[in-house]
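When reading the values below, keep in mind they use all heavy atoms of this one structure, side chains included, and skip hydrogens, waters and symmetry mates. A note on names: the letters A, B, ... follow the listed sequences, proteins ahead of strands, and every chain is numbered from 1.
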Amino acid sequence: MKRIVLGLVVLLGVAAAVPQPIQAPMQRGKAIYEQTCLPCHQADAGGVPGMNPPLRKSPYVQGAPTRLIGIILKGLNDGVEIDGDTYSNPMPAFGSVLKDQEIADVLSYLRSHFGNKAGPINKPQVSRIREAMEALKGK
Amino acid sequence: MNILNKMNFHVIGVITLITASSFVFPALSGTILHRPPGAALKMPRGFHVQVVADALGTARHLAVSKQGLVYIKLGKLKGGKGIIVLEGINGDGKAVKETGFGDFIGTGMYIKDDYLYASSNTDVYRYKLNDRGEVIDTAHPERIITGLLDRHEHNSKSIVLDNSGNIYVNVGAYSNACQLQDRTKGSPGANPCPILDSAAGIWQFRADKQDQTYGDGVHYATGLRNVVGLDWNQPLDQLFVMQHGRDQLFQLDPDLYDAKQSAELPAETMYALRKGDNAGWPYVYYDQFQKKKILAPEYGGNGHTTADEKAIDPIDAFPGHMAPDGLLFYTGNMFPERYRNGAFIAFHGSWNRAPEKQKGYFVVFQPFKNGKPDGDWEVFADNFAGSDDISSPSQALHRPCGLAQGPDGALYVSDDVKGTIYRITYDSK
């Protein structure tokens, strides 16, 4: 136990001294957001009224990781409703465009920016959902 | 294209005056945003704007009866009502009475021969008006068209009538470019595009027959991705439509287009339609710089190859993505002679120019002569957004959507952000 605590302290110490490794996923997430998500969801994540839903203070972004990861992987074309407003444009599937780590990065970025306050999502979480979806598809 | 060169704003005179008297121009100090909505619109000299109503919500298209009652179709119910009626517009332009009826949302609103026509996203209804321009029975409209496709994307059904008892309805494509996977990079265009059989076109129906659906109507025009603004040109006795051009050339084909090209291409196009016309979507788009119909990249295009010469050419072209949601040919006597039979177009404002700055959020005027656009279009009413610096549409305070002409020749404009209804008048004094 002592060794683990010690190890953590050392790790944290290293992290504090060299901040890049901790910021890097956020920077990667931001870059993916700007390249992939921004054209529809906009620079301020405000979306497009009636068409593309906002991602700021979003119940979808801050909600269950499973649903959120699923939307990125498989897309969505159900006419999303948020706060009584409907959004009609389809969300394309990004499962074949983005790798699991990239999805984890962009979702972690989204969940901690634009007024969203939810925990990060890691690569294994994305991989599990992807595998579960693949398994369902196989049946 | 330098828009500023085309504008002859009254505001330039105002700037001169204000600078001369050493006040700060409101737009620079930011106080413009705190003025009553509508007062901030910039208009050419001699035009005045009044706010008829505010806070109606998603005010889509609107129509004014010959007695001056204003009917507005809502995209979202307000107090359970989908149609708002404004009555008793007084000297300062304010309506004294606001009522509502109809429990369906939608976009289309048109008045012809003592009937009010209104569309949901699947159906079209009509209500008989009395000699005061009031709906006689708000609870029992006739359903004249039903069962039109609504697959979320481009689902608004705009309507207009001709002088022979026909109604024209837009059914927008439930797609951007008819890819097998909509808006997905690398997905090819479906060939032939299956959407064209029941959407991406204009259908013609009888105005006085109940419960018509696709089989009862005439597939009037095809190859139109999505039309929201449309009008019947009275002197030409012809249907004119504004098409929303396709999105995302850069995101879907970054090897062929850069972000700047994708922000301007393709044009938002105006078509003068005849029965049987095909405007070419999804196989071609109109490039306003090359002035050609270009083969879409999803169908093997490279940004230069032309195709589909059977498709009609637009009669007019505007910068990309500005979203023409309202079209009105002016037939009134209030405005100066040069406006007569010219086209007003409400550009809702872009989103697909991102990461470039957004454009539109204004009403333009395109002069016409002998039934054809005559000279350059000009910005007519500007600053709906409240700022020139809009990077995301949710920053816009107002977005113009519908246009209608009052019996006195005043121009009405609806805004579907806050639901402000503007009344624009002319007075040479």
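- Between B/P393 and A/G47, the closest heavy-atom pair is CG-O, 3.9 Å.
- Applying the salt bridge (Lys or Arg N to Asp or Glu O under 4.0 Å) rule to pairs touching residues 45-55 of chain A yields nothing, sequence neighbours excluded.
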Once you leave out hydrogens and angles, what donor-acceptor pairs under 3.5 Å do chain B and chain A share?
unit_1: B/K76; atom_1: NZ; unit_2: A/D85; atom_2: OD1; d: 2.8
unit_1: B/E153; atom_1: N; unit_2: A/S88; atom_2: O; d: 3.3
unit_1: B/W351; atom_1: O; unit_2: A/Q42; atom_2: NE2; d: 3.1
unit_1: B/Q358; atom_1: NE2; unit_2: A/Q42; atom_2: OE1; d: 3.1
unit_1: B/S392; atom_1: OG; unit_2: A/D44; atom_2: OD1; d: 2.8
unit_1: B/S392; atom_1: OG; unit_2: A/D44; atom_2: OD2; d: 3.3
unit_1: B/S394; atom_1: OG; unit_2: A/R56; atom_2: NH2; d: 3.4

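- Contacts with chain B were tallied for A/P54, A/P90, A/G46, A/A93; A/P90 has the most, counting heavy-atom pairs under 4.5 Å.
- Shown here are the side chain to side chain donor-acceptor pair (under 3.5 Å) partners of B/T146, two or more places apart in sequence or in another chain: B/D123.
- Heavy atoms of A/M91 lying under 4.5 Å from chain B are absent altogether.
- Note on residues 193-202 of chain B: no pairs pass salt bridge (Lys or Arg N to Asp or Glu O under 4.0 Å), not counting sequence neighbours.
- If you measure heavy-atom distances from A/V48 to chain B, the contacts under 4.5 Å come from both the backbone and the side chain.
- For the set A/A45, A/C40, A/G50, the count of heavy-atom pairs under 4.5 angstrom toward chain B peaks at A/C40.
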